[in-house]
Number of protein chains: 2
Amino acid sequence: MFEELDNHITRCAPMSSSELGVFHSRLKSKILKKKTLLLQQGEICKFEAYIVKGCVKKYYIDPDGEEVILQFAVEDWWISDIGSFSEQKPSNLFIETLEDTEVLMIDFESKQRLFAEIPKLERVFRIMMQRAYSVLEGRFYATVAHSAEALYLEFLEKYPTIPQRVPQQQIASYLGITPESLSRIKSKLLKKD
Amino acid sequence: MFEELDNHITRCAPMSSSELGVFHSRLKSKILKKKTLLLQQGEICKFEAYIVKGCVKKYYIDPDGEEVILQFAVEDWWISDIGSFSEQKPSNLFIETLEDTEVLMIDFESKQRLFAEIPKLERVFRIMMQRAYSVLEGRFYATVAHSAEALYLEFLEKYPTIPQRVPQQQIASYLGITPESLSRIKSKLLKKD
DNA sequence: TTAAGTTCTTATCCTACATCAAGAGTTACG
DNA sequence: CGTAACTCTTGATGTAGGATAAGAACTTAA
């Protein structure tokens, strides 16, 4: 349950097994049913969640009532509204499970306490944030520079497991296009081969 | 020169003036002429730079040879290619001054040493990263969800000083539209009022 | 197993923005 | 100065993807 997580952590900063033990003890394991809402617009995000097993989406509802998916998270990813969590201010976003999902969650106070107890973790989370930032930056550049078709192909490469796990309309939403357009792109790609 | 910077830092973590002194001593002040390239595609980004005075752009060159501006940075901002800097790997980006600019720069080794000397700074930079992340996230959401006109109006609100400082074609590039489209948007907005 | 959701596809028409082109101001400098 | 080199505007035309609609295929559950 903790192996992958510990690998990531010790790659950022060496950590004794007792320190890892303290870290583990602050994480709460939860099993969540499909379609569970972890965060709703207007709420303060109370967690950072590491996904042990399952699949989660983060989205907001635009003024027309349309769901716009900003992120999928699967095994071995973290999910949270970082702005809302770290500033403890209301979120604009929703976070919801797409499958039955097992997560390890940490709340704001536990994280603060943890940093006081194991300052090295401050480094671990700084490095994780840097990586998350540059991943988001890369995605942003791709979105402005590439066509819908190119974005879809990149998505398939990067997240090969997701198309089998979530409906295509949600992938379309993530790509910033309509389900109809994605359908057209797919049939066009099929003809090409 | 350091006041604004120190304000930001002490708001993240209390810091004695001797600690701040150590931090300052690791920063190199530089005065850069307009159009100075700080980073080029293929290079490893060797700095994080805090802008004391001036204006800088970060961009990449797309396959058609077009400059795509990803970020403007003005007084009191940091600029770097975080991915390239923190992983010490080649960058895809360019960073270039748009005006004569004064910066405070820190290099990779100095930053590492600084964290060893003043572990509290680890927290400061973690918090800065979190903020940067949620700002980028917000911009990303806006880009996928809003029209070019809305993006331009948001840009004017958020960065009121930039339009007077940089050519409109560069703002268009930042917004992800052509200069012609921006020109049309502007004339349409003028007629409205 | 049938009916009621969902989800995906296909077709037609539409719109925001791109592309191409030409002209009008501005700024830089030989 | 005057001419080159940008920069901005405006117009004509093109296109990727949106909106709408309707039906097909697949799911779910009574």
Side-chain angles (χ1 to χ4, degrees), chain A residues 33-35 55 57 59 61-69 72 96-100 141-156 161-193, chain B residues 33-36 55 57 59 61-69 72 96-100 141-156 162-193:
Chain A
K33 279 236 161 298
K34 187 172 170 170
K35 294 199 180 177
C55 185
K57 65 180 169 179
Y59 60 98
I61 307 285
D62 75 14
D64 312 335
E66 287 293 323
E67 179 179 312
V68 179
I69 296 182
F72 291 114
E96 185 182 333
T97 55
L98 289 164
E99 301 174 350
D100 294 354
Y141 307 165
T143 301
V144 303
H146 298 353
S147 69
E149 183 180 321
L151 291 175
Y152 176 60
L153 292 171
E154 287 161 27
F155 177 81
L156 290 181
T161 71
I162 291 183
Q164 293 110 53
R165 299 168 80 168
V166 315
Q168 274 163 25
Q169 26 167 321
Q170 310 225 2
I171 294 169
S173 165
Y174 175 88
L175 296 173
I177 60 178
T178 58
E180 294 91 336
S181 291
L182 181 54
S183 182
R184 268 182 243 127
I185 287 167
K186 282 182 59 188
S187 69
K188 195 180 142 205
L189 288 172
L190 278 174
K191 273 175 215 153
K192 267 190 192 170
D193 306 328
Chain B
K33 279 239 160 300
K34 187 173 172 170
K35 295 197 179 180
T36 305
C55 186
K57 66 179 170 180
Y59 61 97
I61 306 286
D62 75 15
D64 312 336
E66 286 294 323
E67 179 179 311
V68 180
I69 295 182
F72 291 114
E96 184 180 335
T97 55
L98 289 164
E99 300 173 350
D100 292 354
Y141 308 164
T143 303
V144 302
H146 297 352
S147 68
E149 183 180 321
L151 290 176
Y152 177 59
L153 291 170
E154 286 161 28
F155 177 81
L156 290 181
I162 292 184
Q164 293 109 54
R165 299 168 80 168
V166 315
Q168 274 161 26
Q169 25 168 322
Q170 309 225 3
I171 294 169
S173 165
Y174 175 90
L175 296 173
I177 60 178
T178 57
E180 294 91 331
S181 292
L182 181 54
S183 180
R184 278 187 210 108
I185 286 167
K186 282 181 59 188
S187 69
K188 194 179 142 205
L189 289 170
L190 278 174
K191 273 175 214 151
K192 267 191 190 169
D193 307 325

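Throughout, a chain's letter reflects where its sequence line sits, starting with A, and its residues are numbered from 1.
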Do B:Leu182 and B:Leu175 have side chains that get closer than 4.5 Å, going by heavy atoms? yes
Are the side chain of B:Ser173 and the backbone of B:Ile69 linked by a donor-acceptor contact shorter than 3.5 Å? yes
Is any side-chain heavy atom of B:Val166 closer than 4.5 Å to one of B:Tyr174? no
Mind grabbing the angle between the end helix axes of the helix from C:dT1-D:dA30 to C:dA22-D:dT9? Five pairs an end, 10° rounding. 40°
In the structure I gave you, are the side-chain heavy atoms of B:Ile177 and B:Ile185 within less than 4.5 Å of one another anywhere? yes
Rounded distance (nearest 0.5 Å) linking atom CD of A:Gln168 with atom CD of A:Glu180: 12.0 Å
Which letter, B, S or -, goes with each nucleotide of nucleotides 16-30 of chain C from 5' to 3', with contact meaning a protein heavy atom under 4.0 Å? -SSBB----------
From CG of A:Leu189 over to C1' of C:dT9, roughly how many Å is that when rounded to an integer? 15 Å
Could you state the atom-to-atom distance from NZ of A:Lys35 to C1' of D:dT28 in whole Å? 11 Å
Quickly work out the B:Lys188 NZ to C:dT15 P distance and round it to whole Å. 13 Å
Could you check whether any side-chain heavy atom of A:Leu189 comes within less than 4.5 Å of a side-chain heavy atom of A:Tyr152, counting everything from C-beta outward? yes
Using atom CZ of A:Arg165 as one end and atom P of C:dT7 as the other, report the distance to the nearest whole Å. 17 Å
Check whether any side-chain N or O of B:Asp100 sits under 3.5 Å from a backbone N or O of B:Lys34 as a donor-acceptor pair, and report yes or no. yes
Euclidean distance, A:Glu154 CD relative to A:Glu149 CD, rounded to 0.5 Å: 11.0 Å
Side chains of A:Tyr59 and A:Gln170: is there a donor and an acceptor less than 3.5 Å apart? no
Protein and nucleotides 5-8 of chain D: nitrogen or oxygen contacts under 3.5 angstrom:
{"unit_1": "D:dT7", "atom_1": "OP2", "unit_2": "B:Gln169", "atom_2": "NE2", "d": "2.8"}
{"unit_1": "D:dT7", "atom_1": "O5'", "unit_2": "B:Gln169", "atom_2": "NE2", "d": "3.2"}
{"unit_1": "D:dC8", "atom_1": "OP1", "unit_2": "B:Gln168", "atom_2": "N", "d": "2.9"}
{"unit_1": "D:dC8", "atom_1": "OP2", "unit_2": "B:Gln168", "atom_2": "N", "d": "3.4"}
{"unit_1": "D:dC8", "atom_1": "OP2", "unit_2": "B:Gln169", "atom_2": "N", "d": "3.3"}

To the nearest 0.5 Å, how far apart are OG1 in B:Thr178 and CZ in B:Arg184? 7.0 Å
